[in-house]
Amino acid sequence: MRQEWFDEARFGMFVHFGIYSVAARHEWVQSYERLTDDDYRQYFEHFDPDRFDARAIARQAREAGMGYVVLTTKHHDGFCLFDSALTDFSSQQTSGRDLVREFVDAVRAEGLKVGLYHSVIDWHHPDFTVDWNHPRRDDENAAALNEGRDMARYREYLHGQVQELLTQYGRIDYLFFDFTYPESRDGWAGKGPDAWDAEALLGMCRELQPDMLVNDRLGIPADFVTPEQYQPTAPLVDEQGAPRVWEACQTLNGSWGYHRDNTDQKSPTLLVQMLADSVSMDGNMLLNIGPDGRGAIAPRDARTLDEIGRWMLLHRDAIVGAGHAEFTPPREGVYTRRGDRLYLHLFSWPLGFVHLPDLAGRVSFARLLNDGSWLKTSVPDPDQHDTHMTPTLQDEGTLTVHLPVQRPDVLMPVIELTLAD
Ligand code: GLC
């Protein structure tokens, strides 16, 4: 099965890097600020990724416990991080470096799976028609701008570049296309699967890289779906009720590209909770970093990844190779399961006891995962419930785990339960 490694890995790194990293105010800056090609050109001219170190990025990902890394090969602004024969608007032209090549080699060398992101939107290409996302949408002569633009020619370019990426960099494990928006707005048409000739594009992916996973953002179903900047609340299923492979992509501060003045940084604790939450619903989490204008991992991001890495070092078994468990968790957290191990990820630390519905008689051993220390368990006996000093009477079948008063000093404590049956 194509997605076996993906289900196993559970945790990946997204890397958004481009000339917008020099602008340092969101990867959509050209569209948000309606910048002309001339306005935007300075970021191309002065793009100098002297601190972009693909090996450091790959190492940081592995140390954070991630199994794959996904790099933007081209974002909506059209700037390419690879040596494309089809455009001059690339890192090769402005800095003499094929960053995709460096990335692919480094990620492979680190033993991780190689993922590429490719924008099907392209605000730089002269044939890509203006629509409600395009930086030129509010120009005085906006309507006239589409005269002479020919999406068929753009499609050739798009397919040509995807072909380059899938033939010149060896085995690619994962491709994230971005994105389709068929609805019209403000008098502008959107762009659906026809705009990209999605069927043919996906067909080419299957032909050139048969084992590669492809996401759903060409607007047609493929291998996995991509909730963005929110968490689902249950395992995802299709119309027939069959499970869907899914991956939530998440930012560190709300922006994908480097945004210097944005301080909405998520805490490492929140991020590991989101990771456990995803795995508890059979999903993956793709966590983004936006390297700075010189290509370095921003110190605040490196610190966050280091902390997550310290947690993953001790709690890896509760994430990697784990998935949804068919038990109702207590109110303090979520479960993940790997074989005969059930993991309780505690979002809050209760006083003295945690009560697990329906697990009485089903657990042969309980321990804290961070230090392997045994935890006493008991099944409350209703006949003995005669004093105000015993914990509240629980429903029949409840297993009570006894906890130390001191919460373990980790981002999120995990209790490992070995299932008896
Ligand atoms: C989006 C955004 C984008 C980001 C991406 C990541 O749809 O347009 O900037 O790259 O999703 O999922």
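The analysis underlying the following values was restricted to heavy atoms, covering all of them including side chains, and did not include hydrogens, waters or symmetry mates. For ligands, and for the atoms within them, numbers begin at 1 and follow the listed sequence. On a predicted model such as this, the values are computed, not experimentally measured, just so you know.
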Legend entry - Polar side-chain atom of Trp132 near backbone of Glu183 as donor-acceptor pair, under 3.5 Å: yes

Legend entry - Between Arg337 and Tyr343, a side-chain donor and acceptor under 3.5 Å: no

Inset, instruction - For a side chain to side chain donor-acceptor pair (under 3.5 Å) with Asp282, tell me which candidate from Arg244, Arg10, His324 qualifies. - result: Arg10

Legend entry - Side-chain (Glu332) to main-chain (Trp349) donor-acceptor, under 3.5 angstrom: no

Legend entry - Trp374 six-ring centre to Arg367 NZ/CZ under 6.0 Å and within 45° of normal: no

In a simple table, one pair per line, please give the protein and ligand 1 atom names for every N or O pair closer than 3.5 Å, along with the distance.
{"from": "ligand 1", "atom 1": "7 (O)", "to": "Asp178", "atom 2": "OD1", "distance (Å)": "3.4"}
{"from": "ligand 1", "atom 1": "7 (O)", "to": "Glu228", "atom 2": "OE1", "distance (Å)": "3.3"}
{"from": "ligand 1", "atom 1": "8 (O)", "to": "Trp28", "atom 2": "NE1", "distance (Å)": "2.9"}
{"from": "ligand 1", "atom 1": "8 (O)", "to": "His76", "atom 2": "NE2", "distance (Å)": "2.8"}
{"from": "ligand 1", "atom 1": "9 (O)", "to": "Glu27", "atom 2": "OE2", "distance (Å)": "2.5"}
{"from": "ligand 1", "atom 1": "9 (O)", "to": "Trp28", "atom 2": "NE1", "distance (Å)": "3.0"}
{"from": "ligand 1", "atom 1": "9 (O)", "to": "His75", "atom 2": "NE2", "distance (Å)": "3.1"}
{"from": "ligand 1", "atom 1": "10 (O)", "to": "His16", "atom 2": "NE2", "distance (Å)": "2.6"}
{"from": "ligand 1", "atom 1": "10 (O)", "to": "His75", "atom 2": "NE2", "distance (Å)": "2.8"}
{"from": "ligand 1", "atom 1": "10 (O)", "to": "Tyr117", "atom 2": "OH", "distance (Å)": "3.4"}
{"from": "ligand 1", "atom 1": "11 (O)", "to": "Asp178", "atom 2": "OD2", "distance (Å)": "3.4"}
{"from": "ligand 1", "atom 1": "11 (O)", "to": "Arg217", "atom 2": "NH1", "distance (Å)": "3.3"}
{"from": "ligand 1", "atom 1": "11 (O)", "to": "Glu228", "atom 2": "OE1", "distance (Å)": "3.0"}
{"from": "ligand 1", "atom 1": "11 (O)", "to": "Glu228", "atom 2": "OE2", "distance (Å)": "3.2"}
{"from": "ligand 1", "atom 1": "12 (O)", "to": "Arg217", "atom 2": "NH1", "distance (Å)": "3.2"}
{"from": "ligand 1", "atom 1": "12 (O)", "to": "Glu228", "atom 2": "OE1", "distance (Å)": "3.3"}

Inset, instruction - Validate the cation-pi geometry between Arg97 and Phe52: distance from NZ or CZ to the six-membered ring centre under 6.0 Å, angle to the ring axis within 45°. - result: no

